[in-house]
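In listed order, ligands and their atoms are each counted from 1. Just so it is clear, the structure is predicted and the values come from calculations on it, not from any experiment. All residue numbers refer to positions in the sequence shown, counting from 1.
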Amino acid sequence: FGLQSEHNEPRFFPESKPLKSHYDVVIIGGGGHGMACAYYLAKEHGITNVAVLEQGYIGGGNTGRNTTIVRSNYLTPEGVKFYDTSVKLFEDLADDFDLNIFYSTRGHFTLAHTDSALRTMRWRAEVNKHQGIDSEVVGREEIAKEVPYMDLDCNGHAPVMGALYHAPGSVARHDAVAWGYARGAYNRGVEIHQKTRVTAIRTQGDKVVGVDTDRGQISCNKVISMVAGSTPRITEMLGIRTPIEIFPLQACVSEPVKPFMDTIVVSGSLHVYVSQSSRGELVMGASVDPSVLHSTRSSFDFVEGLADQMLDLFPFMSRMKIMRQWAGMSDITPDFAPIMGKTPIDGFYLDAGWGTWGFKATPVSGKTMAWTVANDKTHELIEPFRLSRFADFDLVGEKGAASVGH
Ligand code: PYC
């Protein structure tokens, strides 16, 4: 930001200011989605009287707790188009921000260990190709060539039969994405208020008129909820019902080792995904925890189970140490697609239900939600993800595109 701290060092984040009494738009949630929405509201729609309210710190929720995979090899045409727009936005973000987001295109293998998994990979490959996305089913020889250190026989359990290969699959540095959007929004006049918890949303009739926070009241015309694992807490304030359930999603990193893994490897059957970060750490995760829980506690069960499955594929890792472990909170919908756009309350917009794929949607959700709020009309890319689809039974079944079983 070109600002100085009290010790005269350059600051990336602004000093916090008192809240104003009125904003045109309040965004609840200062993660990647909230920051991206603020950025596009200011940059593309000239809406700058905006406050982003974050109960913790910027990017400290799911944005800082995921495994940073970016891809568009989804199962439904709606999902593929949406995530492909995100991949294209990600590719230009570093230039847009003038900040290195460590975007690294690696290629993404989703392994199939059974006939039925292979059939789903073929299905996804065909839907992807139809939408112009670079995905194909590959056999064992091609996998062995690209990932020579992997045991394709899985130590005798469920050998790999083939994989869905998605060349654009990438990783990026998650905090750079959130901070890049935050800086871009701030430089255009948006206010970012960390440690500011929303306690109520005020309405008159069916229209939003303001929010209460633990730092005072604000009047506003529009409120956007972009809070992932806190979605039910916010929607309950307005009596809006969603079918979202919150499950913890855990992940961990190994100690740093020499670069050897330049692809992303996912096995839905073994419930693991892994890539190597620019620091040399293996970034690993598994499926969501088995029960509904609003908590970011991590467990020994998770690392024990993950290590067991990882060693089937990579036996040489048996002496590698786990360095850090954490959990995020996934807001999961019955069809595994997000909930985006307008709601029955005038001036209240929802961006939720990201389940296990919120990070990769950061740019496209920010852009399409900003458009929706600026025009008070749902953007065509997110129309299929409207809240009313559950009442209309017009679901967007994306479960087959999950990296791991749930
Ligand atoms: O959708 O690629 C993904 C993913 C990886 C980990 C969790 N979700």
Next item on the list: Consider every N or O of Arg71 and every N or O of ligand 1, then say whether any pair is closer than 3.5 Å.
Entry: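 Yes: some nitrogen or oxygen of Arg71 is under 3.5 Å from one in ligand 1.
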Checklist line | ligand 1 N/O within reach of His108 N/O, cut-off under 3.5 Å | finding: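 Checking ligand 1 against His108, no N or O pair falls under 3.5 Å apart.
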Next item on the list: Measure the shortest side-chain to side-chain distance between Ile322 and Met284 over non-hydrogen atoms and say whether it is less than 4.5 angstrom.
Entry: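 A side-chain contact under 4.5 Å exists here.
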Note to self: Could you check whether any side-chain heavy atom of Thr110 comes within less than 4.5 Å of a side-chain heavy atom of Tyr165, counting everything from C-beta outward?
What the structure shows: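 No. Closest side-chain heavy atoms not under 4.5 Å.
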Item checked: ligand 1 atoms in contact with Ile69 (distance to a heavy atom under 4.0 Å) -> 2 (O), 5 (C)
Check: What are the atoms of ligand 1, with element, lying closer than 4.0 Å to any heavy atom of Lys360?
Finding: 1 (O), 2 (O), 3 (C), 4 (C)
Item checked: Candidates Gln250, Glu304, Gln325 - the one meeting side chain to side chain donor-acceptor pair (under 3.5 Å) with Ser299 ->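 Among Gln250, Glu304, Gln325, the one that satisfies the side chain to side chain donor-acceptor pair (under 3.5 Å) with Ser299 is Gln250.
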Next item on the list: State the OH-CG distance between Tyr103 and Leu93, to the nearest 0.5 angstrom.
Entry: 9.0 Å
Notebook entry, point to check: How far is atom 8 (N) of ligand 1 from its nearest protein heavy atom, and which residue and atom name does that atom have?
Noted result: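 For atom 8 (N) of ligand 1, the nearest protein heavy atom is Thr356 O, 2.6 Å.
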Margin query: Tell me whether Thr333 contacts the main-chain N or O of Ala337 through its side chain, where contact means a donor paired with an acceptor under 3.5 Å.
Written below: yes
